[in-house]
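By convention in this document, chain letters (A, B, ...) are assigned in the order of the sequence lines, proteins followed by strands, and residues within each chain are numbered from 1.
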Number of protein chains: 2
Amino acid sequence: MEPEVIRDKEAMRRWSRAMRSQGKTIGLVPTMGYLHDGHLSLVRQSLTLADVTVVSIYVNPGQFSPTEDLSTYPSDFSGDLVKLAALSGGKVVVFNPRNLYDYGGGERKKVNNGGGGRVVSCVEEGGGLGHETWIRVERLEKGLCGKSRPVFFRGVATIVTKLFNIVEPDVAVFGKKDYQQWRIIQRMVRDLDFGIEIVGSDIAREKDGLAMSSRNVRLSDEERQRALSISRSLAMAKASVAKGQTSCTELKGMIIQQLVGSDGRVDYVEIVDQETLEGVEEIKSGVVICVAAWFGTVRLIDNIEIDISL
Amino acid sequence: MEPEVIRDKEAMRRWSRAMRSQGKTIGLVPTMGYLHDGHLSLVRQSLTLADVTVVSIYVNPGQFSPTEDLSTYPSDFSGDLVKLAALSGGKVVVFNPRNLYDYGGGERKKVNNGGGGRVVSCVEEGGGLGHETWIRVERLEKGLCGKSRPVFFRGVATIVTKLFNIVEPDVAVFGKKDYQQWRIIQRMVRDLDFGIEIVGSDIAREKDGLAMSSRNVRLSDEERQRALSISRSLAMAKASVAKGQTSCTELKGMIIQQLVGSDGRVDYVEIVDQETLEGVEEIKSGVVICVAAWFGTVRLIDNIEIDISL
């Protein structure tokens, strides 16, 4: 049976509060839709952690800059419902709001927010009474994907807060594929004292090793073959550390060589502390190797955690 | 009977959730202590709006810059409890945490955040694993008090969010004396979809007209006499509008003249739209006149709303 779909935020909050008043715990899995097995594994994990699970499906304009791929972001809402209907093990509802930045506050004065090198997202065309509150996780948002996508994590932290306040969950599950996002949400929840447990879920991969992503469908067959260099080089780097390699310069060089050798355009290859996401020179404690690279017109990210006990 | 004092944030959240599970509604009045009749009127208002009221008493280092008066901010915790005990009409508890920015996460790497003209508050000495999440209400935070206190509203929005997430109230009461703060919290609650009603409470004044403030005790008798020029000039401006004056230049000039004539040092006199807080040239709709001025070493603020129906 297809899950119930709730589109209104007040109705969503009422539903959650009714569940809570019945003593039920609530899980949240925030998604932008076009669900793949990676998303479904997050939902399955949430179903083991909470009595009922809310899957939000909302492509958040607040995390896209006007030059990014908001309008072409893939979607298949009816397909998403079919996939969720096939899950068992607990109650799932879908929260699918139309626009979480429309406050219905009458006319908006148009102001130009685009000048002066300020970073703006796709929700900032209106001024005056429009949305203007943003959450900054000031250190963690800066590196890795934050360098090339300056509005991204501000938008993610803000929409996740909005979803937390609407759904009021007990636990929320995030994929570790978006490693920086997961760490940012964890830090935000700690710093803002949300009463919500944040769970990170391991990366789901295709059989050939490619990390699952809604953007994978945009790869041609040939690009996809070349993109396997990402997961392959990460696995090789991890094996190399196991054999004693501790120089991050060496490890990054090895990965870059493989990506470039597969005609990938490297955005970054970084080896960072798992919590602070600060760059590391020499592997002495737990790190994560993070990669972002373009194959054709598609930007892909992936990562691998390396745990070291000294 | 003195109110129960809760110091631990987990205990506070448990208390609130227990109240809610009994079907009780919860009011929150955030304060920095040293309670005066203005605060008490907020608590009284909360008691009429909710079944139980949490008064938080916490001097928030996140809204003070290192050069401001955090260490000398007045306090009288036992006196505060006596004043709250004298209130009737409902149950009050006090939330008095020790440090809401200490996450107990082991050692912190010291980093220098103070350079390069960045704005920093009193909680940013630690880097690495220290607090780093801040809420910006980007347009409303800029004018009025935001000009001379660049970290202030970032700190206010952030601590109020923390208190909202710990106390999980149904309604929160703020004084309109801090008009910009009240509008920022309203906007933040709208933009972040908090399920909390925000109530603004009229300014409480001493018999002679001085707006009540914890900082008033620092005025000498003579300074206090001179400071009456603030409320007096605001009332005169309002009367002048009632008689047909609509030029904000004229009105501001009149107020500045009185403040300067009383040896006040004007920080700002602004006439702004009540919602957007944008400056107004000609009074055509509802505005608020906001004043900040120094008398001796004490910076005082006050304001008066002028409602116009055309």
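When A/M188, A/R187, A/E275 are compared by the number of non-hydrogen pairs under 4.5 Å with chain B, A/R187 comes out ahead. For the set B/I166, B/D193, B/I184, the entry with the most heavy-atom pairs within less than 4.5 Å of chain A is B/D193. Contact count versus chain B (heavy atoms, under 4.5 Å) is highest, among A/I196, A/I159, A/T161, A/L277, for A/T161. Chain B forms more heavy-atom pairs under 4.5 Å with one residue of A/T158, A/L100, A/I135 than with any other, namely A/I135. Put simply, of B/L163, B/V137, B/T133, B/D191, the one with the most heavy-atom pairs under 4.5 Å next to chain A is B/D191.
Separating the CZ atom in A/R20 from the CZ atom in B/R20 is a distance of 8.0 Å, to the nearest 0.5 Å. To the nearest 0.5 Å, atoms CD (A/E138) and CZ (B/R136) are separated by 7.0 Å.
Considering all non-hydrogen atoms of both residues, A/R17 and B/D170 come closest at NH1-OD1, 4.3 Å.
Judged purely by atom type and a 3.5 angstrom limit, B/N165 uses its side chain to pair as donor or acceptor with the backbone of A/L192. Here the side chain of B/E132 pairs a donor or acceptor atom with the backbone of A/L140 at under 3.5 angstrom.
Atom CD of B/E281 sits in a sparse spot, with 12 or fewer heavy atoms from other residues, nucleotides or ligands closer than 6.0 Å.
Residue contact with chain A, scored on non-hydrogen atoms closer than 4.5 Å, involves the side chain of B/R13 exclusively.
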